[in-house]
Amino acid sequence: MDGTGKVWLAGAGPGDAGLLTVRTRELIEAADIIVYDALISAEILSLIPPGKEVVNVGKRSGHHLVPQHEINEILLKEAQKGRKVLRLKGGDPFVFGRGGEELELLAEHRIPFEIVPGITSATAVPAYAGIPVTHRTYASSLHIITGHPRQGGTDTIDYASLVKMKGTLVFLMGITSMEVILNGLMDAGLDRDTPAAVIENGTLFGQRRVISVVDRLAEDAGKAGIRPPAVIIVGDVCALSDRFHWAEDRPLGGRQILVTRPRQSSSVLAGKLRTLGAQVIELPSIATRAISPNTALQRAIKQFGNRAAQEWLLFTSPAGVRIFFEQLAEFKMDIRHILCGSAQVKVGAIGSATERELKGYGLLADVVPDVYCAARLGEAVAAQAKPGSKVTVARALYGSEELLPPLLQAGLDVDDIPLYETVYETHEQVKDKIVTLFEQGGIDAVTFTSASTVKGFVHTMERLDYHKIRAICIGEQTAAEAEKYRMDISVAKEASIESMTECILDNLGIRGR
Ligand code: SAH
């Protein structure tokens, strides 16, 4: 660190992680500390790298809210330590975000800062409800108004001017004073039949839309039980929502899914679910730590290919394949050391992801069981191996106990070599938020792609009512682990991401609603 800290005052958008700017996304990676508000969604918090220092200055319940002057002090103090401080705010930092106030102290102390504008809820939330705020036929201006004027209670909105301008009106922070606002507009002469809308949790999994007219909106919203955060929109453009609504019509629109996975593997599943309209919290629940230097592996590879007429090499995860070849490179060896002996070399993979990873290293698996399962891999190899073959199992420390028995029963000579350990991740930065979401029924399903992701999840989320969790499992072994916690289980037909996605669509998709 060069001694001079800096503050980035950045907008995180209205909640959907897809609406983060590229710049803010970069800063989430690069910052030393992140100071964030109540409105930052779990989906966005889950993008924060593990171990990064975070400060939540906006606990929602109200009583814990950190006062503004203290937030200003935190930013100043951290920057003075020479740190890169990301101040992450909902929407755009300058649209009713008190961004200006947070800069005053920094400017006074000559702390360098940058502003990263964000997508404001004032336009994004109507957009996600199919309301084009300045459709030319209906409106030629847009007014963004706080429903919570500063003087605390004294209503300072100039209704007469707003009505006169005939533009689209968007009220933020207006839910508690909705009736006062709407009456104010009508008293100032606004036609009682003017279309009006209120959108709750816009762009998020729980987005709800109430489309009405000024005269009846408060009542309709009350009946629907609308609660903050929500925006109120007044103007003819609101009537277009009935034709242009789209967000909740996506196959998984309105759904929130928690995707667990090993940290090192990319989440193809999360991408697919987002494409289908779901909000996705990514929670890498386990990480792999290579055993390095791996002398047992080195010894085995040196002799490999010369210990029997046929030698088998079995892999039970993509991580195992990757680490195997990384270790090989560390020993200054390559694929030739495996293939150049006198033995016929056969390769087995537990499932399609492992098979794919092997392909990337130029090896086509000879055996992949039809079901992703350690016992099935053992049985398949036992059935095909020549008597007296040598089988090297390259896998995790404490791997499944079901793999070896079929091999040993077939009289094969088995060498079980641990390549890596599985460690659990803790996720302090999102844990509380996720627990609250579970308690409120805000997470529709959790996906598990291995028994160890179940173990990792339970290890992190130790305070939950597991039986309320809808678990989408990739296969029987994974399901058996989830069963231990009495989760509500569905198993994909095949051990593939496509099949997991289908299973989620069957359970939660719009076609089944
Ligand atoms: N700077 C923020 C606004 C902060 S004021 C922005 O540019 O969006 C907080 C108000 O924003 C809330 O009371 C609500 O009216 C609105 N808001 C923020 N996120 C929202 C969301 N996802 N859905 C609906 N309203 C939202």
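In listed order, ligands and their atoms are each counted from 1. Numbers here simply count residues along the sequence, with the first being 1. What's counted below: heavy atoms across the whole structure, side chains too, no hydrogens, waters or symmetry copies.
- At least one heavy atom of N201 sits closer than 4.0 Å to an atom of ligand 1.
- Listed by atom number, the atoms of ligand 1 under 4.0 Å from F96 heavy atoms are 4 (C), 5 (S).
- Looking at P126, P14, P229 one by one, the single match for side chain to side chain contact (heavy atoms under 4.5 Å, CB included) with S121 turns out to be P14.
- When hydrogens are left out, the protein atom nearest atom 2 (C) of ligand 1 is G90 O, 3.3 Å; that is the closest non-hydrogen contact.
- Here the closest non-hydrogen pair linking T449 and T478 is C-OG1, 4.1 Å.
- Every residue two or more places apart in sequence or in another chain was checked for a salt bridge (Lys or Arg N to Asp or Glu O under 4.0 Å) with D488, and none qualifies.
- Classification of K493 and E502 as a salt-bridged pair fails, no side-chain N sitting under 4.0 Å from a carboxylate O.
- Between the CG atom of L169 and the OG atom of S141 there is a distance of 8.0 Å, given to the nearest 0.5 Å.
- Set against the non-hydrogen atoms of V125, the atoms of ligand 1 under 4.0 Å away are 21 (C), 23 (N), 24 (C).
- Taking every heavy atom of T120 and a limit of under 4.0 angstrom, the matching atoms of ligand 1 come to 6 (C), 7 (O), 8 (O).
- Of the N or O atoms in P93, none lie within a sub-3.5 Å distance of an N or O in ligand 1.
- Between E200 and R227 there is no salt bridge, since none of the side-chain N atoms of the basic residue sits less than 4.0 Å from a carboxylate O of the acidic one.
- Closest to atom 10 (C) of ligand 1, if we only count protein heavy atoms, is M173 CG, 3.7 Å.
- Contact atoms of ligand 1 toward L204: 22 (N) (distance under 4.0 Å to a heavy atom of the residue).
- The protein non-hydrogen atom at the shortest distance from atom 17 (N) of ligand 1 is S121 OG, 3.3 Å.
- Looking at V95 against ligand 1, both its backbone and its side chain come within 4.0 Å, counting heavy atoms.
- Below 4.0 Å from some heavy atom of I199 lie the following atoms of ligand 1, by number and element: 24 (C).
- At a heavy-atom cutoff of 4.0 Å, ligand 1 is contacted by the side chain of L39 but not by its backbone.
- No hydrogens or angles considered: nothing links the side chains of T120 and T123 as a donor-acceptor pair under 3.5 Å.
- Taking CG of L240 as the start and CD1 of I131 as the end, the distance is 8.0 Å to the nearest 0.5 Å.
- To the nearest 0.5 Å, atoms NZ (K433) and CD1 (I281) are separated by 9.5 Å.
- The proximity of A230 to ligand 1, defined as any non-hydrogen pair under 4.0 Å, is limited to the backbone.
- Every residue was checked against the ring-ring contact (aromatic ring centres under 6.0 Å, His included) condition with F94, not counting sequence neighbours, and none meets it.
- Atom numbering of ligand 1 starts at 1 in the shown order; those under 4.0 Å from a heavy atom of G202 are 21 (C), 22 (N), 23 (N), 24 (C).
- For ligand 1, the polar-atom distance check against E200 finds no nitrogen or oxygen pair separated by under 3.5 Å.
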